[in-house]
Structure formats: C-alpha cells, structure tokens
Amino acid sequence: MRINVIGTSGSGKSTLAKRLASQLNVPYIEMDLLYWRPNWQGTPDEELYSRLEKLLEQPGWVLDGNYNRSRDIKWRHVDLVVWVDFGFWRTLRQVTLRAITRARSKQELWPGTGNRESLRRVFLSRESIILWSLKTWRKNRERYARDMADPRYQHLRFVRLTTPQQVDEFLASLT
C-alpha cells in the first residue's frame with residue numbers, strides 16, 4: 001500500500017503517518033526531511049522531485065506531507081490519500097504546543113539540518129509555523145475538498161478523518 005497523509009501543519013499528520021508506517025511495516029517518508037536543508041534553506045524543486053521519485057519507486061510506503069506542488073508526482077504513485085482534517089482550534093492548539101515544546105527542547109527538527117525552533121521564530125517571525133498554520137488551515141480544507149471531487153483524482157481512494165476517534169477507528173480497520 002502507498003499512502004499520502006495530508007493536512008495542515010499541526011493537524012497530526014506526521015504522528016498518524018508514523019503510526020501507519022509502523023503498523024503496515026512499510027517505510028515512512030517525510031516531505032519536510034526531503035525538503036529542508038541547513039539554515040532553513042529549501043531544496044530546489046528539481047532535486048526534491050528527483051529524490052521523491054526515487055523513494056516512491058518502492059512497493060509500499062507512507063508519505064507524510066502536503067507540498068502541493070509535488071502532488072502530480074506523489075499522486076501518480078499513491079493508492080490512498082488520508083486527510084487529517086481536525087477543527088481549527090484543535091489544530092491551532094496542537095501546532096502551538098508542538099512549537100513551544102520544540103523551542104524549549106532545542107530539538108533538531110530534521111537530522112543533519114541543524115534547524116531548530118526558537119521562541120523568537122515561533123512568535124515573532126514571518127516564518128512562524130503557527131502563522132503558517134493560521135494562513136493555510138482554511139486554504140488547505142478548500143483545496144483538499146476540491147481534490148476529492150476532482151475527476152483527475154477519481155482513481156484515488158480518499159479518507160477524511162475529522163476526530164481522533166476516527167483516526168483510531170481507521171487504524172483499527174487496517175489490521
């Protein structure tokens with residue numbers, strides 16, 4: 001099975017993707033790990049797409065991440081798109097708590113990049129993950145609802161999970 005887990009930053013998509021990969025015993029692929037380089041520099045699209053294509057050649061995987069500009073590559077290979085679509089306030093709470101926890105712990109976000117959250121970046125920067133989540137929550141919901149109805153993607157199976165209980169039920173249904 002090849003699964004792409006999507007959702008707004010802070011929705012819980014990485015947590016679900018890791019659980020899915022473990023449960024299905026397939027590789028976990030994290031788009032952020034593929035994209036981010038040291039000093040918060042992104043990978044050029046051509047290189048990102050090449051690396052992504054190579055990883056997606058595997059017979060099974062769980063891919064964590066949106067990166068909508070890479071959708072044609074990802075969804076050419078995918079069997080199932082799982083959309084984690086929790087409510088606005090829950091998502092905002094989750095992204096805020098995660099960002100604060102990461103800033104306090106000085107945890108490196110992606111191995112080898114040196115990229116870490118800081119309270120300054122979280123609360124006083126245009127690159128704030130909280131600000132990003134605020135800006136993209138509604139846009140992502142609209143985009144993914146359109147994608148689910150788009151005839152170009154009718155070959156895909158979509159699952160939309162709106163509560164933690166639905167997440168648990170979905171995971172239980174895969175065993």
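No donor-acceptor distance shorter than 3.5 angstrom exists from the side chain of Gln107 to the backbone of Arg102, with no hydrogens or angles considered. Ser9 contributes no side-chain N or O that, together with a main-chain N or O of Ile129, makes up a donor-acceptor pair within less than 3.5 Å. In this structure a side-chain-to-backbone donor-acceptor pair under 3.5 Å is present from Ser128 to Leu131. Judged purely by atom type and a 3.5 angstrom limit, Asn4 uses its side chain to pair as donor or acceptor with the backbone of Leu63. Between the side chain of Thr163 and the backbone N or O of Gln166 there is at least one donor-acceptor pair closer than 3.5 Å. Judged by distance alone, the side chain of Trp61 and the main-chain N or O of Val26 form no donor-acceptor pair under 3.5 Å.
Grouping the Ile, Leu, Val, Met, Phe, Trp and Tyr side chains by contacts below 4.5 angstrom, directly or via other members, places Phe86 with Val5. Phe170 and Met148 end up in different hydrophobic clusters when Ile, Leu, Val, Met, Phe, Trp and Tyr side chains are linked at under 4.5 Å. Residue Met31 is grouped with residue Val81 when hydrophobic side chains (ILVMFWY) are merged at heavy-atom distances under 4.5 angstrom, including chains of intermediate members. Trp75 and Leu55 end up in the same hydrophobic cluster when Ile, Leu, Val, Met, Phe, Trp and Tyr side chains are linked at under 4.5 Å. Leu174 and Val78 are members of different hydrophobic clusters when ILVMFWY side chains are connected at heavy-atom separations under 4.5 Å.
Across all non-hydrogen atoms, the minimal contact from Gly112 to Pro38 is O-CG, 3.9 Å. Heavy atoms only, all atoms of each residue included: Leu33 and Pro111 are closest at CD1-CD, 3.9 Å. Residues Gly114 and Glu108 come closest through the heavy atom pair N-OE2, 2.5 Å. Residues Thr91 and Ser11 come closest through the heavy atom pair CG2-N, 3.9 Å. Of all heavy-atom pairs spanning Ala17 and Val62, the tightest one is O-CG1, 3.5 Å. Closest heavy-atom contact between Leu24 and Ile3: CD1-CD1, 3.6 Å.
Under a cut-off of 6.0 angstrom, the local environment of CZ in Arg104 is sparse, with at most 12 non-hydrogen atoms contributed by other residues, nucleotides or ligands. No more than 12 heavy atoms of other residues, nucleotides or ligands sit less than 6.0 Å from atom CH2 of Trp132.
Proximity of Thr8 to Val95: side-chain heavy atoms (C-beta onward) are nowhere separated by under 4.5 Å. In this structure, Gln94 and Arg98 have side chains that are not in contact, with every pair of non-hydrogen atoms separated by 4.5 Å or more. When side chains are defined from C-beta on, Ile130 counts as touching Val122, because their heavy atoms get closer than 4.5 Å. Counting only heavy atoms from C-beta outward, the side chains of Leu171 and Leu20 approach each other to under 4.5 Å. Looking at heavy atoms from C-beta onward, Tyr67 lies out of side-chain contact with Leu52 at the 4.5 angstrom threshold. Two residues are said to be in side-chain contact when any heavy atoms from C-beta on lie closer than 4.5 Å; Thr43 and Leu34 fail this criterion. Using a 4.5 Å heavy-atom threshold, the side chains of Ile29 and Leu56 count as touching. Looking at heavy atoms from C-beta onward, Tyr49 lies out of side-chain contact with Asp72 at the 4.5 angstrom threshold.
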| request: Evaluate side-chain contact (heavy atoms from CB on, under 4.5 Å) for Arg141 paired with Trp137, printing each intermediate quantity in order. | output: CA-CA 6 Å; Arg141 290 186 99 212; Trp137 184 83; 3.3 Å; yes

Could you walk me through whether Arg146 and Asp150 pass the side-chain contact (heavy atoms from CB on, under 4.5 Å) check? CA-CA 6 Å; Arg146 281 193 313 269; Asp150 191 325; over 6 Å; no

Side chain to side chain donor-acceptor pair (under 3.5 Å) between Ser50 and Glu46, worked out
CA-CA 6 Å; Ser50 174; Glu46 187 174 301; over 6 Å; no

Next on the checklist: Walk me through whether Val82 and Leu161 qualify under side-chain contact (heavy atoms from CB on, under 4.5 Å).
Outcome noted: CA-CA 7 Å; Val82 179; Leu161 305 172; 3.6 Å; yes

Quick one, Asp147 with Arg71, criterion salt bridge (charged side-chain N to carboxylate O under 4.0 Å, His left out). Give me CA distance, side-chain angles, the key distance, then yes/no. CA-CA 11 Å; Asp147 288 345; Arg71 180 179 11 202; 2.4 Å; yes

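The ring pair (Phe, Tyr, Trp, His ring centres under 6.0 Å) test applied to Tyr144 returns Trp83, not counting sequence neighbours. In terms of the salt bridge (charged side-chain N to carboxylate O under 4.0 Å, His left out) criterion, residue partners of Asp79 (sequence neighbours excluded) are, by chain and number, Arg2. In this structure Arg160 satisfies the salt bridge (charged side-chain N to carboxylate O under 4.0 Å, His left out) test together with Asp85, sequence neighbours excluded.
A donor atom on one side chain and an acceptor atom on the other are not found under 3.5 Å apart for Glu169 and Ser173.
Among residue pairs with one or both ends in residues 12-30, those qualifying as side-chain hydrogen bond (donor to acceptor under 3.5 Å, both in side chains) are Ser14-Asp64, Tyr28-Asp64, Glu30-Trp110; sequence neighbours excluded. Screening residues 47-60 for salt bridge (Lys or Arg N to Asp or Glu O under 4.0 Å), with sequence neighbours left out, gives Arg37-Glu47, Glu53-Arg76. Every pair tested for salt bridge (Lys or Arg N to Asp or Glu O under 4.0 Å) that includes a residue from residues 110-130 fails, sequence neighbours excluded, so the list is empty.
Between Trp36 and Trp40, the ring planes are perpendicular. Angles over 60° get that label, and only those under 30° would be called parallel.
One distance of note links CG of Leu156 with CG of Leu80; it measures 8.5 Å at 0.5 Å rounding.
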